[in-house]
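Computed over heavy atoms, backbone and side chain alike; hydrogens, waters and symmetry mates excluded. As the structure lists them, so they are numbered: ligands from 1, and atoms in each ligand from 1.
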Amino acid sequence: MLMEIHQVSKQYKGAVQALQDINLQLKPGIIGLLGPNGAGKSTLMRILATISQPTSGMITWNGADIRKNPDELRRALGYLPQDFGVYPHLNSTEFLEYAAALKGLGGRKMKARIMEILELLNLQHDLKRPIGGYSGGMRQRIGIAQALLNDPKVLIIDEPTVGLDPEERMRFRSLLTDLSGERIILFSTHIISDIEATANQIAIISQGRLLANSDPALLLRNVKGKVWSVTIPDQDIQEARTKWAISGAIRREDGLQLRIVSNEPPLPQALAVPPSLEDAYLHVRALGEGA
Ligand code: ADP
């Protein structure tokens, strides 16, 4: 089971270069696509979901070009777009039966499958309630439910944690782990903590370019010995921002305690601290965007 992205670029009308020469391999596991707003994450996901075409480059699914045979991938695909809409008056089973019919799935087996999915997503207690009254987290789970109807080998979820409260966000992370296994799960986010606990591969994208693609441990190793803690007077913060890559700031009684990513100690009194993924992300972006 392998999805390969070869030299994919996408240029929208109006000359927006949304993706530039992306090369990436996706194997079973949880892959976090991390990048700031406007980086090109949704564009890439729409292309992988066969909704949109690259301007150049090619995607293969198990070695075959998806442009030549999109249905092969579509049968194996579950996709939750960012702007997923529901029919608010339907209840969960009605909605999922409708979604299944649109995908050409149906029959008695499908009813059992829908119940199974609702239980997996912990939605089995609200069968009669119209979806319109659901919380953000429940709506998002209904969105994932429709993406799971065909038991997909490839699950693509675009910014699933937007609008979720911290508890729902945590629940989403454990759901991702429950869903993983013999499946490729690609999800996008601009929030590092969403990825930290779940992803075994992190692809960092910014300004349409892939800046890094590795496992979290390697990303951390690359920034080891380059993260510093130093406290500065409050009024020096503007100058500090121009001089250093700052990954965090905490107000203390004696000033602002900064986390700084730098090859050398930023100030003689700076203390080296263990790196976090947040530091690694900042480091990768500083290197990539400066290039
Ligand atoms: P992300 O999902 O990382 O926020 P997007 O893929 O949505 O990024 O957008 C990447 C870039 O492409 C942005 O500059 C965005 O404004 C632009 N873009 C996205 N969709 C379109 C479109 N349909 N037409 C023109 N430009 C677009």
**OP:** Answer with yes or no whether S188 contacts ligand 1, where contact means a heavy atom under 4.0 Å from a ligand atom.
**Re:** no
**OP:** Give the residue and atom name of whichever protein heavy atom lies nearest to atom 17 (C) of ligand 1, and the separation in Å to one decimal.
**Re:** V16 CG1, 3.7 Å
Original post:
Should one rank G38, G35, G14, A18 by closest heavy-atom distance to atom 1 (P) of ligand 1, which comes out on top?
Top reply: G38
**OP:** Below 4.0 angstrom from a heavy atom of R46, which ligand 1 atoms are there? Numbered from 1 as shown, please.
**Re:** 20 (N)
Original post:
Hey, which atoms in ligand 1 end up nearer than 4.0 Å to a heavy atom of A39?
Top reply: 1 (P), 3 (O), 8 (O)
Original post:
Counting N and O atoms only, with roles assigned by atom type, does the side chain of R129 sit under 3.5 Å from a partner on the main chain of G133, one being a donor and the other an acceptor?
Top reply: yes
Subject >> Pair R173 + D194: basic N to acidic O under 4.0 Å >> reply: yes
Original post:
What residues, two or more places apart in sequence or in another chain, satisfy side chain to side chain donor-acceptor pair (under 3.5 Å) together with R252?
Top reply: Q257
Original post:
Of all the heavy atoms in Q82, does at least one lie under 4.0 Å from an atom in ligand 1?
Top reply: no
Original post:
Can you tell me the protein heavy atom closest to atom 8 (O) of ligand 1 and the distance?
Top reply: G40 N, 3.1 Å
Subject >> Pair R141 + E168, salt bridge at N-O below 4.0 Å >> reply: no
Original post:
Is R113 salt-bridged to E116, going by a charged N under 4.0 Å from an acidic O?
Top reply: yes
Original post:
For N37, is at least one N or O under 3.5 Å away from an N or O on ligand 1?
Top reply: no
Original post:
Does Q207 approach ligand 1 within less than 4.0 angstrom via side chain, backbone, both or neither, non-hydrogen atoms only?
Top reply: neither
Original post:
Looking only at protein heavy atoms, which one is nearest to atom 7 (O) of ligand 1, and how far off is it?
Top reply: S42 CB, 3.7 Å
Original post:
If only atom types and distance count, is the side chain of K41 paired as donor or acceptor with the main-chain N or O of L33 below 3.5 Å?
Top reply: no
**OP:** Decide whether an N or O pair under 3.5 Å exists between K41 and ligand 1.
**Re:** yes
Original post:
Do side-chain atoms of K10 reach the backbone of Q53 as a donor and acceptor pair under 3.5 angstrom?
Top reply: yes
**OP:** Could you find the nearest protein heavy atom to atom 23 (N) of ligand 1 and give me its residue, atom name and distance?
**Re:** Y12 CE2, 3.6 Å
**OP:** List for me each residue that meets side chain to side chain donor-acceptor pair (under 3.5 Å) alongside H190, sequence neighbours excluded, and say none if there are none.
**Re:** E159
Original post:
Are any of the side-chain nitrogens in D234 or R251 under 4.0 Å away from the carboxylate oxygens of its partner?
Top reply: yes
Subject >> Numbered atoms and elements of ligand 1 in range of P36, under 4.0 angstrom, heavy atoms >> reply: 3 (O)
Original post:
Nearest to atom 9 (O) of ligand 1, what protein heavy atom do you find, and at what distance?
Top reply: T43 OG1, 3.9 Å
**OP:** Identify whether the distance between the nearest side-chain nitrogen and carboxylate oxygen of D279 and R259 falls below 4.0 Å.
**Re:** yes
Original post:
For atom 15 (C) of ligand 1, is some protein heavy-atom partner under 4.0 Å away?
Top reply: no
